[in-house]
Structures are given as C-alpha cells and as structure tokens.
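Beneath this line is the structure, given in structure tokens, with notes to follow.
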Amino acid sequence: MCGITGWVSFDRDLRKEAATLDAMTETMACRGPDDRGTFTDGPAALGHRRLAIIDLPGGRQPMTAETPQGTVALVYSGETYNFTELRADLIARGHRFTTDSDTEVVLRGYLEWGDALAERLNGMYAFAVWDGRHGRLVMIRDRMGIKPFYYYPTPDGVIFGSEPKAILANPLARHRVTLDGLRELFTFVKTPGHAVWDGMREVEPGTVVTVDRGGLRTRAYWQLRTQQHPDDRDTTIGTVRTLLDDIVRRQLVADVPRCTLLSGGLDSSAMTALAARQLAAQGEKVRSFAVDFAGQADRFVPDELRATPDTPFVHDVARLADTEHQDIVLDAHTLADPEIRERVLRARDLPMGFGDMDASLYLLFRSIREHSTVALSGESADEVFGGYLQFFDEEARRADTFPWLVRFHRDFGDDGDVMRPDLAQKLDLSSYVAEGYRTAVAGIQRLDGESDFEYRMRRICYLHLTRFVRVLLDRKDRMSMAVGLEVRVPFCDHRLVEYVYNTPWALKSFDGREKSLLREATRDLLPKSVYDRVKSPYPSTQDPKYAVALQDHVKDLLARPGHPVFDLVDRERVRRAADRDTPVITQAARRGLEKTLDLALWLDLYKPEIVTD
C-alpha cells in the first residue's frame, strides 16, 4: 500500500520542477512511511511513498522497464491478489522478473497487455504508468473504488495523486470550491467522478484514463451488470462460501503482521472466523481488534439504530475463533480532542462531519498500527448482501431517491441542519439529489420478466454498491492510511459482488432477515449470539462528556464572529445547539456541531476560495 502522485506537462521539461514534485510526494508520507522515490522523464514526473507489504526489499518505486522504444515507469498503490497466477502467465510468455513483488507483475503485465491488463487484475489498486514509448500517461483504478485516485487536467497535461492534498501542493491547482462542490459536501450521494475541489476529478472505479498530447480519454473496463442467476438456494450458499474461502486466503498474503477488525457483527465475525480457521491450519493465530468506549457497557441505551453494544459479541467471536484479541478503549476527552479532529480532517481533505465515528476509527487504526501493518475488514458486506435497515423499510424502498437519505432524514431530521438559509436556497440540494438519483438509476438493467418488487430491490442494491459504499470505502482508506495501516476489504472482491448482486432479493433474504446468504454460508463458524444478532451500525459514543466538549469547542468558535464558517452555517442555529442541556441534545444536533467544527477547521487549514455566486 502506498501513496502515488505525478505531473505530466507536454510543454515543459519537468526535470526542472523537482521541488514541486518533492512537495507533492511528501504530502503522501503518511500513506508510505517506509520509503520514497521519484522519476522524471522530460514531460513526465512521478512520485511515490511506500508502505512495504510484499517483497520488502524488492518492491521499490517508481518501478521502470527499459524498452528499445523508451522507458515505461509505474507508480502503484494497492494489492493485486492474483499476482502469483499472473506472474506465472507472464513468465510463460517470456518475461523475466527481478523481484517477488506484485508491483513488478503489474508493470510487466502492462508491457504485455497494455491497459487491457486492468481486466485481468483481482485486487484493490490505483496506479499510473508513464509510457515513454508513446508519450502517454495511463491511470487505472480498481473496480469498486477501494483505493482513491484523483486528477486535475491542465492546459498541457494533468496532475494526479492518491489524495487531493498531493494535487493541491502543485501551484497550478486552484484551492477553489464552487456551489457544485458545496452541494457534494452537504449531501450523501457520492457523485461518481466528483472531487468537490473545482477542476479536480476522480478516476472513477473500474475506469482507465489516458492522457497524451491529443487530450484526455476515459474507458470503463468494468461495470456492475445484470445477469440471470441460475443457482438454487443451496448452490448459492455453497458458492458464496467457496468464494469467501478463496478471497480470504488471497487477502491474508503479506510479509508483515496481519490482523482483523472485529465489531461483533455478522460481517466482521464471519471474516475473522474464516481468517482464524485458515491461519490455524498453518499453525498461526489471528490477531483481532475492536473499538470500545470507556463506560459504554454500563451506560449503553438501546436506540433505533443500535439495539445492543458490540463488546459482548466481540468476545464471543474471539473465544470461539480463538483469536489473540484486544479491545481499544477510547474516552470522550480523546474523541473530542481538537488535535485528533485536525488529523482526521487532514486525512480526509474535506469536512465530512462524521465526528466521533471518524475520530474513533482513526484512533483504532493508530493503536492497531503498533502491532500490525495489514488488517482485514468486514466493510461492504451490508451493501453486497443487503444488511442496512433501509433494505427492509417500506418507505425507503418506495421512495424515488437514495434510500439511505430516507433513513437519515428520519433519524436526524432538520435538527442537524446548520446551513444558512440563503446558502441553502442557492444550493437547492433537493434538486441536486433528485438529478443524481435519476442519473444513478438510469444505467440499471432490468431482467426480462423481473417483477416490479425484485426490480426495485435490484435498484436499491445497485445504488448501495455504486454510491453509498464509496463513501465508506474512502473513509476507511483515509483513516487507515493516515497512520500507515493497510486495510483490506474481502467483501469487495468483484467476483463476490457480481455473483451476489445478481441473486434475487428473495434469495438474499430467504429467511426474512438481512444478509441471509452470508449468515448461512458461515453458520458453522459463528457463535449463536452473533448468528442471531440484528444488524448494528459502526458504534458511536454515548458518553455525555463528548457532547459537552463539542459544545465548549463550538462556543469558542462562536466567540470569533468574523470566522468565515459563518458564511456557510447559521450562527443562531449553532448557538442554540451549543447552549442546550447535554441530556436533551439530540444525535442530530450533535452531528450539526461536529459539521460546524469540521467546516471551520477546513477553512482554517485549506483556505479554500468559496465561490457562491
């Protein structure tokens, strides 16, 4: 896992721009604490920061191959889980390798197949190839968008990076956000290709972007397609288990310490149990980690989102799977620490407003990094197998909008909306969301004879797999890579995604519950408590001291009446939330305070030019 960046400028010699390339590369230091490297070749400059996972001495980058027609150079972030098979194929075709790294497999795969290499890869990756033979840059991103990848077209080329901060370190990139960027910030729809910063774009998942003197071209090499599902229930359950066994086996490959993230839910428990069984066969014991909050077990109060605390279920799994387990216990003071908020914001580059859930994830990963370099996560199983409450909510099912927004509105309402009314009118978020929804569902294929209900559920599954999951994958990547931890997501293997997506909803929920296929496919590995447990989202602290700390920090902000955040948020709404008695402050109001603090910090650190005209 690594951080990549680069710059192609066909009208200049970038060998004279070493200082700029170094500045861009150093923004990725947290993603790659083990090594750094740069490459320049006339109009092309590449930078790389490395987190060494496979072939520690041999995988240095940028990696180059000399050909009679010119140099081909690669900067690569991610993991290719089928690199062993690809390597054997390439050797049979006459290629010779000097390292054992998956990076060299990708480089030589490009030499053999060009950008058609993308279709052969199984993994999570974002990489760029400068092809000196043809004077072009090729950028490729994995199918599900697990690894982030951004680019910024210029009049004579392009700037790119794993994260926006790498691009923003180049003087050519404007720190500018327009109304359209604010719309993306204040909604929860993750428009494909959108990067919030004006002029910046994402390399969309499953896409190849090529840049040469003729301009910029994109090609989708993968899309989520509708197909008939011929298998019966038992065959489907068996296929899911076979896929999971293979996926976990591949994703356990590393030359550094590994672990699992364990929440006590079905997803992480199944993944941890699979990993534990496979490592036990090799005489190893898996390490597992969970986040908890000081005093949470004593003060936990069930609500509509979370019926049970995680810890008892975590410990049930750890005992049954015989993991070497550790709870990471966090207190309210640490969660609300302004220094932690700043580190989270710098990791994400944007004020996402996830508050304590981002802070706790960052702190969990920071603690894990003291013991392991690679962690397997249960992320994305809810999107793949149908686990969220909105999949079973009739109002959300029937709404002509993103179904999670129905749930958010019900759970948080208008209490968390701190935006200035005049700005809200300019943004017209309802129209933005409606247009995004129309665009999102336009590409969904319907099977011949598919019932209206099955088609509606297909749409809901599709929206979660192509919009919602990308928000969570980006969050997971940024929080983990901010501390140099590689998090792998087995449930995002495209083979599993394709197979389960095309199972009818009647199969996905054959017992009337969420994630029926996953539950039955791993039944033999799960404690009964977890098998019977109802879905519970990522935990959030219930400690009132956290809300008090938020209110104090916002009151300090309110004492600065000239702060530019008040061009975006309504001062009086924020003041009312900050003055509320802690016992009656709602989750929504708390989220509004967190959003306000994030926005203010973002404006202080990044100093974006906000254009609302």
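Any value given below was found using the heavy atoms of this structure, including those in side chains, with hydrogens, waters and symmetry copies removed.
- Here the CG-CG distance, from L335 to D356, works out to 6.0 Å after rounding to the nearest 0.5 Å.
- For the pair Q227 and N502, the minimum side-chain heavy-atom distance is below 4.5 Å.
- Ring geometry for W404 against F468 counts as tilted: the plane angle lies between 30° and 60°, on a 0 to 90° scale.
- In summary, D474 and R478 engage in a salt bridge, as defined by a charged side-chain N under 4.0 Å from a carboxylate O.
- Annotation: the span from R573 atom CZ to T596 atom OG1 amounts to 11.0 Å, rounded to 0.5 Å.
- Considering CD1 of I146 and SG of C492, their distance stands at 4.5 Å, rounded to 0.5 Å.
- Summarising the geometry, atom CG belonging to L423 is positioned 9.5 Å from atom CG belonging to D567; distances are rounded to the nearest 0.5 Å.
- No side-chain heavy atom of Y362 sits under 4.5 Å from any side-chain heavy atom of S360.
- Summarising the geometry, atom CH2 belonging to W197 is positioned 6.5 Å from atom NE2 belonging to H175; distances are rounded to the nearest 0.5 Å.
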Run the ring pair (Phe, Tyr, Trp, His ring centres under 6.0 Å) test on W505 and F392 for me, step by step, so that the C-alpha distance in whole Å, both residues' side-chain angles and the decisive distance to 0.1 Å come before the verdict.
CA-CA 11 Å; W505 181 253; F392 298 86; 5.5 Å; yes
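- Between F408 and F188, the ring planes lie perpendicular to each other; the angle is over 60°, past the 30° to 60° tilted range.
- Judged as a side chain to side chain contact (heavy atoms under 4.5 Å, CB included), and not counting sequence neighbours, the contacts of R446 are E450, D452, Y455.
- Under the 6.0 Å cut-off for aromatic ring centres, H229 and Y499 qualify, their centroids lying closer than that.
- For the pair R459 and Y437, the minimum side-chain heavy-atom distance is below 4.5 Å.
- With sequence neighbours left out, the side chain to side chain contact (heavy atoms under 4.5 Å, CB included) criterion links H563 to L557, R560, V565, F566, A600, L603, D604.
- By the salt bridge (charged side-chain N to carboxylate O under 4.0 Å, His left out) test, D570 pairs with no residue at all, sequence neighbours left out.
- F354 is not listed as a side-chain neighbour of E594, based on a closest heavy-atom distance of 4.5 Å or more.
- Remark: R219 engages D115, E119 in a side-chain hydrogen bond (donor to acceptor under 3.5 Å, both in side chains) (not counting sequence neighbours).
- Considering only residues two or more places apart in sequence or on other chains, R225 meets the side chain to side chain contact (heavy atoms under 4.5 Å, CB included) condition with Q223, Q445.
- A distance of 8.5 Å separates SG of C2 from CD of E486, quoted to the nearest 0.5 Å.
- When the shell of 6.0 Å around CD of Q425 is examined, it contains 12 or fewer heavy atoms from other residues, nucleotides or ligands.
- K165 places a side-chain N or O within 3.5 Å of a backbone atom of R346 that can act as its donor or acceptor partner.
- Between the side chain of E184 and the backbone N or O of T191 there is at least one donor-acceptor pair closer than 3.5 Å.
- With sequence neighbours left out, the side chain to side chain contact (heavy atoms under 4.5 Å, CB included) criterion links T25 to T5, L21, R36, T38, R49.
- R458 forms a cation-pi arrangement with Y501, by the criterion of a distance under 6.0 Å to the ring centre and an angle within 45° of the ring axis.
- Taking the side chain as every heavy atom from C-beta outward, F491 and L518 approach each other to under 4.5 Å.
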